[in-house]
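Here is the naming used below: chain letters follow the sequence lines, and residue numbers restart at 1 for every chain.
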There are 2 protein chains.
Amino acid sequence: MTTSPRVTIKDVAARAGVSKGAVSLAFNHKPGLSEVTRDRIFEAARQLGWAPNLAARSLAGRRVDVVGLAICRPARLLGLEPFYMEFISGVESVLTEHSCSLLLRLLRTVEEEVGLQDSWWRGKHVSGSILVDFRADDPRVAAVERLGMPVVAVGHPSLTGGLTSVWTDDASAVTEAVRYLAALGHRRVARVGGAAGLGHTAIRTAAFDAAARGLELSGAWQVATDFSGEAGARATRSLLTASASDRPTAIVYDNDIMAVAGLSVASEMGLSVPGDVSLLAWDDSQLCRLTHPTLSAMSHDVHGFGAEVARTLFGVITGGGGGSHPVPTPVLTPRGSTAPPR
Amino acid sequence: MTTSPRVTIKDVAARAGVSKGAVSLAFNHKPGLSEVTRDRIFEAARQLGWAPNLAARSLAGRRVDVVGLAICRPARLLGLEPFYMEFISGVESVLTEHSCSLLLRLLRTVEEEVGLQDSWWRGKHVSGSILVDFRADDPRVAAVERLGMPVVAVGHPSLTGGLTSVWTDDASAVTEAVRYLAALGHRRVARVGGAAGLGHTAIRTAAFDAAARGLELSGAWQVATDFSGEAGARATRSLLTASASDRPTAIVYDNDIMAVAGLSVASEMGLSVPGDVSLLAWDDSQLCRLTHPTLSAMSHDVHGFGAEVARTLFGVITGGGGGSHPVPTPVLTPRGSTAPPR
DNA sequence: GCGCACTCCTAAACCGGTATAGGCCAATGC
DNA sequence: GCATTGGCCTATACCGGTTTAGGAGTGCGC
């Protein structure tokens with residue numbers, strides 16, 4: 001098979017009987033060309049099936065239509081986490097409107113990510129990036145500020161330094177969750193949290209402690225996990241093995257897959273939900289409506305969150321933006337898995 | 001804040017006291033440089049924090065370390081589908097080893113995708129692509145052949161023409177699933193299938209029909225959905241509303257989220273699983289082990305599947321490869337949701 | 001002393017666009 | 001009639017790499 005010889009701007013120019021400059025002008029909708037010439041150029045390009053070479057275009061200084069997203073989690077775990085795919089699909093829904101693509105990369109450490117963002121930016125491979133999974137004293141803050149790279153940080157301003165950030169108020173949401181359970185009459189409450197190193201996990205942990213103290217609960221447990229269903233199941237099992245008078249009567253989970261796992265552990269242990277133990281999920285993908293009983297959750301429009309992040313990034317790239325953009329706090333959505341304790 | 005002036009190959013060359021050509025030679029590990037010069041160049045680059053500009057590099061003819069993946073499904077639906085994220089994470093696990101990134105784009109139609117792949121390739125933005133979700137007479141086959149673009153097609157060879165393909169034997173798997181249910185004693189079996197336009201759905205549909213006929217089942221229903229939990233729930237509800245003597249006693253689902261939904265519908269209708277109806281899921285993410293009862297499934301290493309696709313693509317890009325690469329057929333994994341009918 | 005091969009390196013062309021200074025020509029002002 | 005203006009377009013210098021032809025220096029055989 002003969003690979004079609006690549007058609008360049010020069011071919012189009014020749015065919016239309018103009019210079020390359022004219023073709024460039026036409027394709028970037030800049031003034032300085034007559035209507036007829038413009039049409040002739042487009043017609044020639046159409047006939048030859050020409051599309052501008054993005055590498056050349058970005059080399060010559062124009063913005064490139066790609067934004068970066070690097071995620072530091074083991075690839076295996078990521079596939080199981082409903083949050084990210086939904087987040088990405090939200091990001092994509094906005095990028096698509098701007099004919100923009102997402103450059104995705106999974107790595108192991110933040111240090112690797114610093115290097116990657118660096119070469120993405122220096123190499124003009126992206127016009128900006130989305131940064132996620134902030135931890136305390138995150139090295140990316142200083143790195144991208146030094147580069148002058150347009151980014152949006154997904155995380156609480158206390159973690160993201162001076163970067164433009166989009167965030168949900170995790171502390172308030174945790175507080176609301178605990179208050180709700182306390183209002184139902186629960187006095188012994190546990191939380192199955194996410195990965196310990198993550199900034200938002202720390203925020204939630206602190207908020208949970210504060211809320212438990214403020215409400216003078218008689219028992220408050222917290223366990224860290226890796227967000228996987230297996231870890232959620234393990235955590236639940238160990239929380240529920242204590243005697244009925246000592247174990248928690250309500251458990252809050254940091255995502256929904258762990259809550260589903262918890263539900264299954266409860267039934268495996270012969271405990272009824274919400275009779276013996278109430279469960280409260282987080283993020284609320286459609287999974288929560290597919291279990292039996294359905295899962296109460298701190299509900300959160302993850303898709304919309306991703307979309308907002310993308311919109312904010314476009315703002316930063318075009319030189320505007322900056323500042324801190326809170327998105328709506330997750331709202332409590334009671335369903336079948338929470339009730340007063342027996 | 002002052003954006004750091006970009007450092008280019010020229011700066012590195014000046015600092016190391018050599019020409020730009022020498023720097024290029026060093027960084028591409030080509031022969032023709034003495035050990036000392038090479039070291040001096042690397043040291044200079046390190047001090048200046050230089051990374052080669054990928055746009056310039058790809059413009060000048062070298063392969064670029066990016067592969068493309070375009071998915072034609074509504075962004076909203078995609079977030080809910082565990083398959084894709086797991087697939088992508090498998091792809092990434094191999095790409096990462098090669099310091100390669102994934103360019104991801106969601107679109108609405110295959111026609112759009114043809115245009116996108118075209119400009120990705122012509123624009124040298126990717127060195128190859130992964131094509132998914134084939135349908136009958138897929139226009140992408142001819143398009144990428146015309147371009148001479150390296151791609152791997154995820155789909156049965158009957159759908160992917162002469163393209164290098166990686167595929168699972170859906171027909172055998174469906175047949176095995178139906179045989180298994182029949183062997184348990186089921187005579188009325190249904191299948192809740194995926195999106196009607198998709199090639200692999202058509203293959204499964206035909207295989208299901210053939211198997212049902214071959215085994216002389218007394219009832220065989222098939223319903224098409226959009227893969228969402230809601231659609232799975234709806235389909236299950238309508239299948240199970242018939243009287244006990246008319247409705248199916250076993251249902252096969254095309255993914256696992258629909259099976260979870262089906263499980264919940266059964267219990268909402270007061271039917272016991274597997275007593276009144278057996279359920280068999282597909283793809284088998286960890287979800288299937290988290291329900292109660294656990295879901296029997298046609299189990300499939302989606303992560304490994306993605307990894308194999310990526311490996312194959314590298315083969316094609318480096319000029320080798322071609323042909324058809326079957327990956328292991330999904331294997332039946334009986335769990336708690338299947339049993340002989342009452 | 002000369003030719004020859006070999007190693008190490010440089011200069012310059014090239015990739016395919018964008019940006020810009022300036023050329024050409026008709027219309028306008030005085 | 002001649003300078004000025006303005007619209008339309010071309011020529012050319014970039015962007016930051018890769019690639020190649022070839023030059024400078026060294027060692028060696030005869």
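- With sequence neighbours excluded, the residues satisfying salt bridge (Lys or Arg N to Asp or Glu O under 4.0 Å) with A:D138 are A:R140.
- Protein atom CG of A:N53 is 16 Å distant from nucleotide atom P of D:dG16, rounded to whole Å.
- For B:F305, the ring-ring contact (aromatic ring centres under 6.0 Å, His included) partners at least two apart in sequence or on another chain are B:F87, B:H300.
- One interatomic measurement links the two molecules: CZ of B:R57 to C1' of D:dC15, which rounds to 16 Å at whole-angstrom precision.
- For the helix from C:dG1-D:dC30 to C:dC30-D:dG1, the angle separating the two terminal helix axes comes to 60°, with each axis derived from five pairs and the value rounded to 10°.
- Pairs of residues two or more places apart, or lying in two chains, that qualify as side chain to side chain donor-acceptor pair (under 3.5 Å) and include a residue from residues 43-55 of chain A are A:R15-A:Q47, A:E43-A:R46, A:E43-A:Q47.
- Residues meeting the side chain to side chain contact (heavy atoms under 4.5 Å, CB included) test with A:S324, sequence neighbours left out: A:P157, A:S165, A:W167, A:P326.
- Rounded to an integer number of Å, the gap from A:F27 CZ to C:dT18 P is 10 Å.
- One can place NZ of B:K10 at 15 Å from P of D:dT18, the figure rounded to the nearest angstrom.
- For A:I9 and D:dC14, the CD1 to P distance is 19 Å, given to the nearest whole Å.
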Q: Between protein and nucleotides 8-14 of chain C, map the contacts as a letter string: B base, S sugar-phosphate only, - none, heavy atoms under 4.0 Å, written 5' to 3'.
A: SBB----
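- Closest to the side chain of B:K30, from the set D:dT19, D:dG17, D:dC15, is D:dT19.
- The CG atom of B:L48 sits 12 Å away from the P atom of D:dG17 (whole-angstrom rounding).
- With ring centers used as reference points, B:H98 lies under 6.0 Å from B:F314.
- By the salt bridge (Lys or Arg N to Asp or Glu O under 4.0 Å) test, B:E112 pairs with B:R108, sequence neighbours left out.
- Listed by first then second residue, pairs satisfying ring pair (Phe, Tyr, Trp, His ring centres under 6.0 Å) with a partner in residues 99-119 of chain B number zero, not counting sequence neighbours.
- Look at B:N28 and you'll find a side-chain N or O under 4.0 angstrom from OP1 or OP2 of D:dT18.
- Going from atom CG of B:L59 over to atom C1' of D:dG17 covers 8 Å, rounded to whole Å.
- Residues passing the side chain to side chain contact (heavy atoms under 4.5 Å, CB included) test with A:T312, sequence neighbours excluded: A:V152, A:T164, A:V166, A:E308, A:H325.
- Distances shorter than 4.0 Å separate none of the side-chain N or O atoms of A:W50 from OP1 or OP2 on C:dG16.
- Between B:T8 and D:dG16 there is no side-chain N or O to OP1 or OP2 distance below 4.0 Å.
- A:F42 has its ring centre less than 6.0 Å from the ring centre of A:F27.
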